[in-house]
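If you read the sequence from its start, that first residue is 1, and numbering goes on from there. Side-chain atoms are counted along with the backbone in the values below, which use heavy atoms only and exclude waters and symmetry mates. This structure is a prediction, so every number in the text was calculated from the model and none was measured.
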Amino acid sequence: MIAGLRTSTSQWVYEHYLVYLHLCIADADCLICEEEFESIRKAALPALDIQRAKSLIKEVHTHYLYQEERERRDSIVSLAPRFLRTESVRNRVLNQLETTANKNSESEEQMMLNYIRKTIHLLN
């Protein structure tokens with residue numbers, strides 16, 4: 001990682017983490033296309049102004065790009081208790097992620113979704 005280029009998650013709010021989870025799933029196959037960014041915007045940030053939503057996604061994506069795979073998995077685990085405090089929030093996030101992930105049970109996206117699901121279920 002290049003020092004200073006990654007943003008700190010200490011200033012993140014719930015929407016940052018939600019976008020982060022979506023990015024983890026979208027990039028599980030090592031490729032995020034423009035349609036997936038738009039899908040993330042619509043799914044995770046439908047109430048935000050389009051420009052603000054795109055800016056937030058870009059900010060989180062920049063952070064994401066400077067992480068290695070192990071750091072990404074560690075971030076999923078370490079940030080979950082901070083942003084997914086209640087069962088209703090956890091269920092809403094999982095439902096949302098399930099609707100946007102590739103439905104093929106053997107896809108990389110489903111494997112990442114299963115990892116996220118396992119992490120979230122451990123919060124109970």
Side-chain angles (χ1 to χ4, degrees):
M1 181 195 80
I2 301 170
L5 288 181
R6 186 177 1 164
T7 60
S8 170
T9 59
S10 65
Q11 300 299 313
W12 278 15
V13 295
Y14 166 79
E15 289 79 8
H16 287 90
Y17 185 63
L18 182 59
V19 166
Y20 187 82
L21 294 177
H22 277 279
L23 287 171
C24 288
I25 291 172
D27 192 48
D29 60 357
C30 299
L31 177 67
I32 304 177
C33 64
E34 283 304 314
E35 292 82 23
E36 286 176 303
F37 282 116
E38 183 61 15
S39 176
I40 291 169
R41 184 191 66 77
K42 288 179 179 177
L45 309 167
L48 278 185
D49 169 81
I50 292 173
Q51 287 311 109
R52 173 65 182 123
K54 287 181 177 183
S55 174
L56 191 144
I57 291 168
K58 183 178 180 181
E59 175 187 341
V60 175
H61 188 239
T62 299
H63 174 85
Y64 178 88
L65 289 174
Y66 285 101
Q67 287 185 308
E68 295 177 5
E69 185 65 29
R70 170 80 351 241
E71 291 175 299
R72 292 174 185 159
R73 290 183 181 268
D74 290 347
S75 290
I76 291 169
V77 171
S78 66
L79 296 173
R82 181 171 149 203
F83 296 112
L84 307 177
R85 293 181 183 158
T86 66
E87 185 175 350
S88 65
V89 171
R90 291 189 290 268
N91 289 335
R92 184 174 62 235
V93 167
L94 281 175
N95 288 336
Q96 186 181 96
L97 294 172
E98 288 168 358
T99 62
T100 59
N102 182 328
K103 305 300 185 238
N104 179 345
S105 64
E106 295 181 21
S107 72
E108 293 87 354
E109 288 185 4
Q110 279 296 318
M111 287 187 264
M112 179 55 76
L113 177 60
N114 289 338
Y115 178 80
I116 292 168
R117 184 182 294 117
K118 177 182 163 188
T119 299
I120 290 173
H121 285 305
L122 289 175
L123 297 173
N124 291 330

Note to self: With heavy-atom distances below 4.5 Å as the criterion, would you say the side chains of T99 and N95 are in contact?
What the structure shows: no
Next item on the list: Measure the shortest side-chain to side-chain distance between R73 and V77 over non-hydrogen atoms and say whether it is less than 4.5 angstrom.
Entry: no
Next item on the list: Determine whether the aromatic ring centres of F83 and W12 lie less than 6.0 Å apart.
Entry: no
Notebook entry, point to check: Are V89 and L123 connected in a single hydrophobic cluster, I mean Ile/Leu/Val/Met/Phe/Trp/Tyr linked by side-chain heavy atoms less than 4.5 Å apart?
Noted result: yes
Notebook entry, point to check: Would a distance-only check, ignoring hydrogens and angles, find a side-chain to backbone donor-acceptor pair under 3.5 Å from R117 to L94?
Noted result: no
Note to self: More than 12 heavy atoms of other residues, nucleotides or ligands under 6.0 Å from CD1 of I50: yes or no?
What the structure shows: no
Next item on the list: Please check if M111 and L113 belong to a single hydrophobic cluster, counting links between Ile, Leu, Val, Met, Phe, Trp and Tyr side chain heavy atoms closer than 4.5 Å.
Entry: no
Item checked: Distance, nearest 0.5 Å, that separates OG1 of T119 from CG of L21 -> 9.0 Å
Margin query: For L45, is there any backbone N or O sitting under 3.5 Å from a side-chain donor or acceptor partner on E15?
Written below: no
Margin query: Looking at every heavy atom in both S78 and P81, which two are closest together, and how far apart are they?
Written below: O-CD, 3.6 Å
Check: Between E109 (side chain) and K103 (backbone), is there a donor-acceptor pair under 3.5 Å?
Finding: no
Next item on the list: Kindly indicate whether a cation-pi arrangement holds for R82 with Y17, taking the cut-offs as under 6.0 Å to the six-membered ring centre and within 45° of the axis.
Entry: no
Next item on the list: In sequence, state the C-alpha distance, the side-chain angles, and the governing distance for C24 and I76, and then conclude on side chain to side chain contact (heavy atoms under 4.5 Å, CB included).
Entry: CA-CA 9 Å; C24 288; I76 291 169; 3.9 Å; yes
Item checked: 4.5 Å side-chain heavy-atom contact, S55 and K58 -> no
Checklist line | Rounded distance [0.5 Å steps], CG in L79 versus OG1 in T9 | finding: 5.0 Å
Notebook entry, point to check: Can you tell me how far the CG atom of L23 sits from the CD1 atom of I57, to the nearest 0.5 Å?
Noted result: 7.5 Å
Notebook entry, point to check: Does any N or O in the side chain of E71 come within less than 3.5 Å of the main-chain N or O of E68, such that one atom is a donor and the other an acceptor?
Noted result: yes
Check: Do NZ/NE/NH1/NH2 and the carboxylate oxygens of E38 and R41 come within less than 4.0 Å?
Finding: yes
Notebook entry, point to check: Got R72 and H63 here, is their nearest side-chain heavy-atom distance under 4.5 Å?
Noted result: no
Checklist line | Atom pair CD1/OG of I25 and S107 - distance to nearest 0.5 Å | finding: 9.5 Å
Next item on the list: To the nearest 0.5 angstrom, please state how far the CD atom of E108 sits from the CG atom of N104.
Entry: 9.0 Å
Note to self: With rounding to the nearest 0.5 angstrom, report the NE2 to CD1 distance, H22 to I32.
What the structure shows: 12.0 Å
Check: Would you say E87 has more than 12 foreign heavy atoms packed within less than 6.0 Å of its CD?
Finding: no
Next item on the list: Check whether any side-chain heavy atom of L18 sits under 4.5 Å from a side-chain heavy atom of V93, and report yes or no.
Entry: yes
Next item on the list: Apply side-chain hydrogen bond (donor to acceptor under 3.5 Å, both in side chains) to Q11 and H16, showing your working.
Entry: CA-CA 9 Å; Q11 300 299 313; H16 287 90; over 6 Å; no
Notebook entry, point to check: Can Y14 be reached from I116 by stepping across I, L, V, M, F, W or Y side chains whose heavy atoms are under 4.5 Å apart?
Noted result: yes
